[in-house]
Protein chains: 2
Amino acid sequence: MKISAQEEYGLRCLVQLAGTSKDESLTLPQIAEREGISQSNAGKLMWLLNKAGFVTATRGTKGGYSLSRPAEDISLSEVIKVLEDDEVEAHCGSYTGVLDSCVHTGDCGIRSVIVGLHEVVQNALSNVSLAQLVGTEKKVDETFHRIQGLSQVAMIKDGRAVSE
Amino acid sequence: MKISAQEEYGLRCLVQLAGTSKDESLTLPQIAEREGISQSNAGKLMWLLNKAGFVTATRGTKGGYSLSRPAEDISLSEVIKVLEDDEVEAHCGSYTGVLDSCVHTGDCGIRSVIVGLHEVVQNALSNVSLAQLVGTEKKVDETFHRIQGLSQVAMIKDGRAVSE
DNA sequence: TCAAATCTTTACTTTTGAGTCAAGATTGCA
DNA sequence: TGCAATCTTGACTCAAAAGTAAAGATTTGA
C-alpha cells in the first residue's frame, strides 16, 4: 500500500497554491522550483488538476495557476481520487495473473480487503482539507490520531476481530 | 494509494495455505495453479514469505509449504509489512524530485498525511486475520464497515476537520 | 501587430517494478 | 546409490509508471 509519485507531487503542488494569497497566482516555473521538480513534470500535474477542476489556469503574461475553490472546501479524498490512476471498481480485472480474469469468482475474501481498505483510506482523507496541510504538522497529526484511537477502541471492545 | 502486485498475490498465496487442513501442505505447482499465476512467480513469493517466517517449506518428495502459525494468529498488517517493499520511515528520501532530499525540511504537512495514512491502514489491517479471509466476504466487510462507521461519527461529532 | 510570457498537448526516454528462466540444493524413496 | 520431486537463488527480460522534451496555442502589453 503505497502512494504514487503522481499523487504525492500533485498534492504538494495544490498545497503550494493553497498557501498563496487569494488574489495571487503561481506560474509553472515557480511551482516547479518550490517543489523541487522539473517544469515539465509540474506542467503535466497542473494540467491534470486543471482538467479535474481544482485549479484555474490563465495563459499569457501575468498568467499562472490558482485554486478554483477555497482550500478549506477541497478535501484530500477528492484530490487523490483524481490523481490515482486506477479505480478500485476495476480491481478484479487487474492482478489476474496469467489468466484473463481473476481465479476467485464470486465470494472472495481478498476483494473485501481491497475494497474495505480503500474505503478506510478515503474516509480518513475526506476529513482533511487542503487548508489543513498548509501550516504545521500538528493539525494533521491530530486528525489522524483521532481516527486511529477510535478504531482501536472499537476493535478491543468488540473483541471478535483478531481472535475469531 | 494502491496495493502492489506482490502484496496482493502474496496475500492470496497465504490465504490458500490458510484454507488447507493443518496436516497437509501445498506444493509450488499447486499454489500457482490455484491462484492462476506462474510457478516462477509463486516461487518468489513463497520464498519471501518463508524468509519472513510465515510459512515453513519442506523440500523433496512429499514436500511443500504450510503455515508456521495458526491462521487465526496471523494478522494482515504483519503480512503486508513484509510484502510492501518500502518503509514509510524512508518516505522523505523518496519523492525528492530532481533534488537529493525533499524540499520540505522540518515541519511538513504532507509528511503527516503519508504517515497518518499508513497508520490508519495498518490499524485497519491489524484487525483482520488470515483465517477471516478464507470463508465468504461477509466477515471482512463487517470488520471494515465497523471501522468506517466509527470514524465517520467521530468526525461529525468533532466538526472541525473538514470545515476548519 | 509583434514579441514575450505563459499554459497545453503529444511523443519520446528513462527508470522501476513485475515476471520469467535456468541452474543449484535438498529430500525421500526404491 | 541414484533418480525424481521439490524448494532456492540469482540473473535476465518485459511492461508500466515516471519523467522529459519540444512544438503549439493563448494572452498581455508595448
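All figures in this text were calculated on a predicted structure; none of them were measured in a lab. Residue numbering restarts at 1 for every chain, and letters A, B, ... go by the order of the sequence lines.
Residue pairs meeting the side-chain hydrogen bond (donor to acceptor under 3.5 Å, both in side chains) criterion with at least one member in residues 41-56 of chain A, sequence neighbours excluded, are A:Thr56-A:Ser68. Pairs passing the salt bridge (Lys or Arg N to Asp or Glu O under 4.0 Å) check and including a residue from residues 2-23 of chain B, sequence neighbours excluded, read B:Glu8-B:Arg12, B:Arg12-B:Glu35.
The two residues B:Leu99 and A:Gly36 make their nearest non-hydrogen contact at CD1-CA, 3.7 Å. Summarising the geometry of A:Ser25 relative to A:Gly64, their closest heavy-atom pair is OG-CA, 3.9 Å, with the distance given to 0.1 Å. The two residues B:Cys13 and B:Ile37 have their closest heavy-atom pair at SG-CD1, 4.3 Å. Heavy-atom minimum distance, B:Gln132 versus B:Asn127: OE1-O, 3.5 Å.
Across the helix from C:dT1-D:dA30 to C:dA30-D:dT1, the helix axis at one end is tilted relative to the axis at the other end by 0° (nearest 10 degrees, each axis from five pairs).
In this structure, CE of B:Met1 is placed 17 Å from C1' of D:dA17, rounded to the nearest angstrom. Distance CD (A:Glu84) to P (D:dA18): 12 Å, rounded to an integer number of Å.
Taking hydrophobic clusters as Ile, Leu, Val, Met, Phe, Trp and Tyr residues chained together by side-chain heavy-atom distances below 4.5 Å, B:Val82 shares a cluster with B:Val128. In this structure, B:Val103 is not a member of the same hydrophobic cluster as A:Val15, with clusters built from ILVMFWY side-chain heavy atoms closer than 4.5 Å.
Every residue two or more places apart in sequence or in another chain that forms a side-chain contact (heavy atoms from CB on, under 4.5 Å) with B:Val115 is listed here: B:Val88, B:Arg111, B:Glu119. For B:Glu33, there are no side-chain contact (heavy atoms from CB on, under 4.5 Å) partners at least two apart in sequence or on another chain. Listed by chain and number, the residues in a ring pair (Phe, Tyr, Trp, His ring centres under 6.0 Å) with B:His91 are B:Tyr95 (sequence neighbours excluded). Among residues two or more places apart in sequence or in another chain, the salt bridge (Lys or Arg N to Asp or Glu O under 4.0 Å) test is passed with A:Glu78 by A:Arg69. Scanning for salt bridge (Lys or Arg N to Asp or Glu O under 4.0 Å) contacts around B:Glu84 gives an empty result, with sequence neighbours left out.
For the side-chain contact (heavy atoms from CB on, under 4.5 Å) with A:Thr20, the qualifying choice from A:Leu67, A:Leu26, A:Val134 is A:Leu26, the only one to do so.
Both B:Gly63 and B:Gly97 sit near DNA chain D, but only B:Gly63 has its closest nucleotide nearer the 5' end. A residue-by-residue look at A:Lys62 and A:Lys2 shows that A:Lys62 has its nearest nucleotide of DNA chain C further toward the 5' end.
Near-neighbour residues of DNA chain C inside residues 40-51 of chain A, defined by a heavy atom below 4.0 Å, number-ordered: A:Trp47, A:Asn50. Near DNA chain D, meaning a heavy atom under 4.0 Å away, the residues from residues 53-60 of chain B are B:Ala57, B:Thr58, B:Arg59, B:Gly60. Within residues 11-38 of chain B, the residues having any heavy atom under 4.0 Å from DNA chain C are, by residue number, B:Ser38.
As judged by a 4.0 angstrom heavy-atom cut-off over every strand, A:Tyr9 is placed among residues touching the sugar-phosphate backbone only.
On the nucleic acid side, DNA chain C has its first and last nucleotide under 4.0 Å of a heavy atom of chain B at C:dA18 to C:dG28, going 5' to 3'.
Side-chain atoms of A:Tyr9 come within 3.5 Å of backbone atoms of B:Gly97 as a donor-acceptor pair (strictly under, hydrogens ignored).
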